[in-house]
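Below: the structure, in structure tokens.
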Amino acid sequence: MASKKKYYAVKCGRTPGIYETWDECKRQVMGFSSAVYKSFSTREEAEAYINAVQKKSDIPDEQRVRIYVDGSYDRSTRAFSYGMVVLRDGKELTAKQAFNIPSMAEMRNVAGEIMGSMAAMQYCIEQGITDVMIYYDYEGIAKWALGEWKANKEGTQKYAAFYNSIKDKLNVEFCKVKGHSGDKYNDMVDLLAKQALGLR
């Protein structure tokens with residue numbers, strides 16, 4: 001008896017989207033920390049699952065711009081930084097920047113990751129991009145933006161206000177990855193953030 005066909009909806013993985021075989025799905029989720037996926041018997045159910053956990057978009061998930069961000073901190077100078085990798089049209093674009101803002105320094109590398117997430121959103125606004133998946137490794141990046149955590153500090157308040165100012169122009173999906181887990185792009189942004197501070 002032939003096995004029943006399945007559709008695999010990958011919400012958070014190397015390339016989010018709907019796949020028709022387990023082998024295709026496996027390539028997107030195996031070894032990818034915090035992968036989110038589920039199988040369904042019909043494509044319609046798979047699409048409904050993805051649309052239930054994100055704003056409905058005219059852009060297929062596999063074509064969505066993906067941006068990885070991470071932050072770093074230099075104890076000796078109290079400077080912090082971000083690294084960013086933009087995956088767009090089959091290309092890898094990188095950016096990094098260091099900051100010396102005393103009022104945010106107590107947040108250490110998290111301050112850098114906040115600035116990186118804001119830079120990612122700003123890049124999309126400037127480029128006319130309407131949908132983006134932002135990959136990060138500190139859970140506050142999504143929770144402060146979405147109002148799930150209260151923004152008590154200057155940096156988090158600035159971040160929440162920025163997100164609220166652009167959320168009607170840009171559909172942002174957040175995807176948490178485990179830091180230092182061997183994820184290619186998470187490792188790349190970690191290194192870029194350190195380079196911005198001259199750490200290595």
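Because only heavy atoms are used, hydrogens play no part in the values below, and waters and symmetry mates are left out as well, while side chains stay in.
- Interatomic distance, SG of Cys25 versus CE of Met30, reported as 7.0 Å (0.5 Å rounding).
- Across every non-hydrogen atom of Gly71 and Ala193, the tightest pair is C-CB, 3.9 Å.
- Cluster annotation: Leu199 and Met107 are assigned to distinct hydrophobic clusters (Ile/Leu/Val/Met/Phe/Trp/Tyr, side-chain heavy-atom contacts under 4.5 Å, transitive).
- With Glu113 contributing its side chain and Ile141 its backbone, the two residues share no donor-acceptor pair below 3.5 Å.
- For the pair Val85/Val189, a side-chain contact is recorded, criterion being any heavy-atom separation below 4.5 Å from C-beta on.
- Put simply, Leu191 and Tyr82 are part of two different groups of oily side chains (I, L, V, M, F, W, Y) that touch within less than 4.5 Å, one to the next.
- Rounded to the nearest 0.5 Å, atoms CD1 (Ile114) and CD (Glu154) are 10.5 Å apart.
- Annotation: side chain of Gln28 is not in contact with side chain of Tyr37 (no heavy-atom distance under 4.5 Å).
- Heavy atoms only, all atoms of each residue included: Ala120 and Val69 are closest at CB-CG1, 4.2 Å.
- When every heavy atom of Gly83 is checked against every heavy atom of Leu192, the shortest pair comes out as CA-CB, 3.8 Å.
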Could you please spell out the steps behind the ring pair (Phe, Tyr, Trp, His ring centres under 6.0 Å) verdict for Tyr135 and Tyr68?
CA-CA 5 Å; Tyr135 295 79; Tyr68 281 73; 4.4 Å; yes
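- For residues 114-125, the set of pairs meeting the side-chain hydrogen bond (donor to acceptor under 3.5 Å, both in side chains) definition, not counting sequence neighbours, comprises Arg88-Tyr123, Ser117-Tyr159, Gln122-Glu126.
- Considering every non-hydrogen atom in both Tyr19 and Glu24, the closest pair reads CD2-CB, 3.7 Å.
- Contact annotation: the side chain of Ile67 approaches that of Met84 to within less than 4.5 Å [non-hydrogen atoms, C-beta and beyond].
- In this structure, Phe40 CZ and Glu47 CD are separated by 11.0 Å, a value rounded to the nearest 0.5 Å.
- Side-chain atoms of Val86 and Val65, non-hydrogen and from C-beta on, do get closer than 4.5 Å to each other.
- By the 4.0 Å N-to-carboxylate-O rule, Asp23 lies too far from Arg27 to be salt-bridged with it.
- The distance from the CG atom of Leu197 to the CD atom of Gln97 is 11.0 Å, given to the nearest 0.5 Å.
- Lys158 NZ to Met118 CE: the interatomic distance, rounded to the nearest 0.5 Å, is 5.0 Å.
- Listed here is the closest heavy atom pair of Arg78 and Ala105: NH2-CB, 3.4 Å.
- Counting heavy atoms of neighbouring residues, nucleotides and ligands inside a 6.0 Å radius, atom OH of Tyr73 exceeds 12 of them.
- Arg43 has its side chain out of reach of Lys5: every pair of non-hydrogen atoms, C-beta onward, lies at least 4.5 Å apart.
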Please report the C-alpha distance between Lys96 and Gln195 in whole Å, then the side-chain angles of each, then the deciding distance to 0.1 Å, and finally whether the side chain to side chain contact (heavy atoms under 4.5 Å, CB included) criterion is met.
CA-CA 8 Å; Lys96 58 190 176 186; Gln195 288 175 346; 3.4 Å; yes
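- Under the 30°/60° scheme for interplanar angles, the aromatic rings of Phe80 and Phe99 are found to lie parallel.
- The two residues Met104 and Ala111 make their nearest non-hydrogen contact at O-CB, 3.6 Å.
- No donor-acceptor distance shorter than 3.5 angstrom exists from the side chain of Asp190 to the backbone of Asn186, with no hydrogens or angles considered.
- Proximity of Lys26 to Tyr8: side-chain heavy atoms (C-beta onward) are nowhere separated by under 4.5 Å.
- In summary, the side chains of Tyr185 and Glu92 do present a donor paired with an acceptor at a separation below 3.5 Å, with no hydrogens or angles considered.
- Ring orientation note: the planes of Phe174 and Tyr163 are tilted relative to one another, at an angle of 30° to 60°.
- Rounding to the nearest 0.5 angstrom, the gap separating the NZ atom in Lys167 from the CG atom in Leu170 is 12.5 Å.
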